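Read through the structure below, which is laid out as C-alpha cells, and then see the notes.
Worth saying up front: this structure is predicted, and the values here are computed from it rather than measured. By convention in this document, chain letters (A, B, ...) are assigned in the order of the sequence lines, proteins followed by strands, and residues within each chain are numbered from 1. Hydrogens, waters and symmetry mates are skipped; everything else that's a heavy atom, side chains included, is used.
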There are 2 protein chains.
Amino acid sequence: MKEHLHKISLFVKNLDNEVLSVVQTISTTKHVKKGEYLLRHDEVCRHSYWIEQGVLRKFYVHEGKEHTTELLFENDIAVSLASYSLQKPGREYIQAITEAVVSQTDFASFQTAKKVYPQLMELDLLMTEYHAVWLEKRLYEFHTLDATQRYKLLLQEHPHILHTVPLTYIASYLGISLETLSRIRAKI
Amino acid sequence: MKEHLHKISLFVKNLDNEVLSVVQTISTTKHVKKGEYLLRHDEVCRHSYWIEQGVLRKFYVHEGKEHTTELLFENDIAVSLASYSLQKPGREYIQAITEAVVSQTDFASFQTAKKVYPQLMELDLLMTEYHAVWLEKRLYEFHTLDATQRYKLLLQEHPHILHTVPLTYIASYLGISLETLSRIRAKI
DNA sequence: CGCGGCATTTGACCTGCATCAAATAATCAG
DNA sequence: CTGATTATTTGATGCAGGTCAAATGCCGCG
C-alpha cells in the first residue's frame with residue numbers, strides 16, 4: 001500500500017503546473033462540522049473529497065445496523081465509487097466524525113478536465129487502482145485474520161485512531177460487535 | 001454491475017479502429033490446458049488475460065489452505081491487480097479450471113499504448129473502476145448475507161457454475177468449508 | 001454536588017460455521 | 001466389471017463471535 005501511495009504522490013509532484021492549476025480551479029475548500037454528512041443513502045455522489053484535516057467515515061445501513069466500510073484520514077479521498085463512477089444513487093453515507101476541512105471536486109468538471117489533460121486520466125487510474133488494491137487487502141484480512149488480529153493491525157496502521165474514532169465505529173469497521181471489541185481490548 | 005459492463009462494452013464499440021488494431025498488435029491468443037497456471041505466487045503479473053473461452057480461478061494460499069478470490073468466465077479479465085499495477089511479486093495464483101482460450105496482453109506494451117492513446121487509458125480506468133466496485137460488492141455480500149444466501153446468489157448470477165466449477169472451489173469462493181456447502185445444498 | 005444520558009464493560013446464553021472422522025457415491029484405469 | 005481414487009455427504013463436537021440484559025463508568029449541566 002505504501003508503494004502505491006508513493007507512486008501517486010510522485011506522479012502528482014511531476015504534474016505540469018497547468019494541470020495543477022486546472023484542478024485548483026474545479027475544486028473548492030469546504031469546512032464540515034462534526035456529524036455532518038457529505039453524502040447520504042440514495043443520493044448521487046457528485047463530488048470527491050480530498051481530506052485536508054479531520055476524520056470521516058463511510059458506511060451503509062443494513063437491517064437497521066450501520067456497517068462502516070472506510071475510516072478516512074488526512075490525505076485520503078472520500079468518494080462512494082459505485083455511485084460516483086456511474087452517477088447513480090448509491091447506498092453509502094459519508095459523514096464527518098470530527099470537525100474537518102475537505103477539498104471538494106465536482107465529478108462533471110473533473111470528467112471534462114480528464115478529457116483535456118490525459119495526465120488527469122492517468123492520475124484517476126492510479127487512484128482507482130489504489131482503491132481496488134486496498135479493497136483486496138481488506139477482503140484478505142477478513143478471510144485470514146480473526147477479530148483480535150484485525151484490531152491489532154488497525155492500531156498498528158493508525159496508532160491515533162482511539163483518540164479520534166469512537167469504539168462503536170471501530171467495532172463496526174472491524175466487522176464485530178461493540179461487546180466483542182470490548183472483550184478484545186480487555187484481554188490485550 | 002450490469003450497467004458498468006454495458007458502459008465498458010459501449011466504450012469499446014466506439015473505439016477508433018486504429019486503437020483497436022493497436023490492441024490487437026500487442027495481444028496474442030493462448031490456449032491453456034485444464035489445471036495450467038497463468039500466474040503463480042511470488043511471480044510478477046506481467047500480463048492481463050481476456051478470457052475468450054473457459055473458466056479460470058484466482059486464489060491465494062494461507063496456512064496451507066487455498067482461498068479462491070475470483071471465478072472468471074468468458075469475457076472476464078484475469079489479472080492480479082496488486083502485482084500487476086506495481087509490477088512486483090504478488091500472492092495470487094491464476095489457474096485454468098477448464099480448457100481455456102485467452103487473449104494475453106503484455107503489461108509494458110499496454111502501458112506504452114496507453115500513453116499514446118488516451119482512449120486506452122480511459123478504458124483501463126473504466127475496467128479498474130468496475131473491478132473496484134465488484135470488490136465492494138463482494139465485501140458487502142460477506143457482511144450482509146449468510147452462507148446460504150451467498151450460495152443462492154452465486155447460482156443466480158452464474159446458473160451454469162455447477163457444471164464447470166468443482167464444489168471445492170465454489171465453497172472456497174464463498175468463504176465456507178466444503179462440508180458446510182454440502183449441508184446447504186442438502187437443505188435447499 | 002447530584003442527576004440524566006451516553007459510552008463501555010461484564011455476564012449468560014446462543015448460533016453459524018469449522019473441524020475431524022467416517023460413510024457413501026462417483027469416476028476412471030486396467 | 002472391479003478395485004482404487006477422488007468427490008461428496010453425514011455425524012459429532014467445538015468455538016468465535018453474536019445477542020440480550022444488566023452493571024458500571026464518564027461526562028456535562030443545572
Side-chain angles (χ1 to χ4, degrees), chain A residues 33-36 55 57 59-69 71 95-99 138-155 160-188, chain B residues 33-36 55 57 59-69 71 95-99 138-155 160-188:
Chain A
K33 295 212 187 63
K34 180 173 170 167
E36 198 177 327
V55 183
R57 68 174 181 132
F59 68 98
Y60 59 84
V61 178
H62 177 79
E63 292 178 356
K65 235 176 80 181
E66 295 184 356
H67 295 251
T68 302
T69 55
L71 296 171
Q95 184 189 28
I97 60 184
T98 67
E99 197 105 353
R138 191 153 155 80
L139 270 161
Y140 178 74
E141 288 168 8
F142 270 113
H143 288 315
T144 58
L145 306 179
D146 66 21
T148 305
Q149 294 171 316
R150 293 203 301 279
Y151 175 65
K152 282 182 177 166
L153 183 60
L154 182 63
L155 286 193
H160 304 304
I161 206 169
L162 292 173
H163 303 318
T164 38
V165 182
L167 291 181
T168 327
Y169 299 156
I170 293 180
S172 164
Y173 177 73
L174 293 173
I176 60 181
S177 70
L178 189 54
E179 293 93 325
T180 296
L181 177 56
S182 175
R183 283 183 244 270
I184 286 169
R185 284 158 51 75
K187 202 179 59 193
I188 293 176
Chain B
K33 296 213 186 63
K34 181 173 171 168
E36 198 176 328
V55 184
R57 70 176 180 130
F59 69 98
Y60 59 84
V61 176
H62 178 77
E63 292 178 355
K65 235 176 81 179
E66 296 184 356
H67 295 251
T68 303
T69 55
L71 295 170
Q95 183 189 30
I97 59 184
T98 66
E99 196 102 353
R138 191 155 156 80
L139 271 161
Y140 178 75
E141 288 167 8
F142 270 113
H143 288 314
T144 57
L145 305 179
D146 65 20
T148 304
Q149 294 172 317
R150 293 205 299 280
Y151 176 65
K152 281 182 176 167
L153 182 60
L154 182 63
L155 287 192
H160 304 305
I161 206 172
L162 292 173
H163 303 319
T164 37
V165 183
L167 291 180
T168 326
Y169 299 155
I170 292 180
S172 164
Y173 177 73
L174 293 172
I176 60 180
S177 70
L178 190 54
E179 293 93 324
T180 297
L181 177 57
S182 176
R183 283 183 244 271
I184 286 169
R185 286 159 50 74
K187 203 178 59 190
I188 294 177

Under 3.5 Å, which protein N or O atoms sit close to an N or O of nucleotides 18-21 of chain D? Give each pair with its distance.
unit_1, atom_1, unit_2, atom_2, d
dG18(D), OP1, Gly175(A), O, 3.3
dG18(D), OP1, Ser177(A), N, 3.3
dG18(D), OP2, Ser177(A), N, 3.1
dG18(D), OP2, Ser177(A), OG, 3.1
dG18(D), OP2, Thr180(A), OG1, 2.4
dT19(D), O4, Arg183(A), NH2, 3.2
dC20(D), N4, Glu179(A), OE2, 3.1

Inset, instruction - Of all the heavy-atom pairs spanning Pro166(A) and Thr164(A), show the shortest one and how long it is. - result: CD-O, 3.7 Å
Inset, instruction - Test Leu167(B) against Leu178(B) for side-chain contact (heavy atoms from CB on, under 4.5 Å), laying out the working first. - result: CA-CA 7 Å; Leu167(B) 291 180; Leu178(B) 190 54; 4.0 Å; yes
Inset, instruction - Measure the CD-CD distance between Gln95(B) and Glu36(B) for me, rounded to the nearest 0.5 Å. - result: 9.5 Å
Legend entry - Between dA16(D) (C1') and Lys187(A) (NZ): distance, integer Å: 10 Å
Inset, instruction - Could you list by number each residue of residues 141-148 of chain A showing a heavy-atom separation from DNA chain D of less than 4.0 Å, or answer none if no residue does? - result: Asp146(A), Ala147(A)
Inset, instruction - Using salt bridge (charged side-chain N to carboxylate O under 4.0 Å, His left out) as the criterion, list what pairs up with Glu179(B), not counting sequence neighbours. - result: none
Legend entry - Close side-chain approach of Leu162(A) and Ile170(A), heavy atoms under 4.5 Å: yes
Inset, instruction - Return one dot-bracket line describing DNA chain C 5' to 3' (Watson-Crick or G-U wobble pairs, both distances under 3.5 Å; ( ) same strand, [ ] crossing, | another strand, . none). - result: ||||||||||||||||||||||||||||||
Legend entry - Option passing side-chain contact (heavy atoms from CB on, under 4.5 Å) with Lys65(A) (candidates Glu63(A), His67(A), His62(A)): His67(A)
Inset, instruction - May I ask you to test the Glu66(A)-Arg57(A) pair for a side-chain heavy-atom distance under 4.5 Å? - result: yes
Legend entry - Nearest-0.5 Å distance that lies between atom CG in Leu181(B) and atom CD1 in Ile176(B): 4.5 Å
What side-chain donor-acceptor pairs closer than 3.5 Å can you find for residues 142-151 of chain A, not counting sequence neighbours?
unit_1, atom_1, unit_2, atom_2, d
Thr144(A), OG1, Tyr140(A), O, 2.8
Asp146(A), OD1, Thr148(A), N, 3.1
Asp146(A), OD1, Gln149(A), N, 2.9
Thr148(A), OG1, Lys187(A), NZ, 3.0
Gln149(A), OE1, Asp146(A), N, 3.0
Arg150(A), NE, Leu174(A), O, 3.2
Arg150(A), NH1, Leu145(A), O, 3.0
Arg150(A), NH2, Leu174(A), O, 2.8
Tyr151(A), OH, Arg185(A), NH1, 3.0

Inset, instruction - Under 4.0 Å from any heavy atom of chain B: name the first and the last nucleotide of DNA chain C that qualifies, 5' to 3'. - result: dC17(C) to dC20(C)
Legend entry - Closest approach of Glu141(B) to Leu153(B) (non-hydrogen atoms, all atoms of both residues): OE2-CD2, 3.3 Å
Inset, instruction - To the nearest 0.5 Å, tell me how far Leu139(A) CG sits from Leu139(B) CG. - result: 3.5 Å
Legend entry - Shortest non-hydrogen contact between Tyr173(A) and Leu71(A), atoms and distance: CG-CD1, 3.8 Å
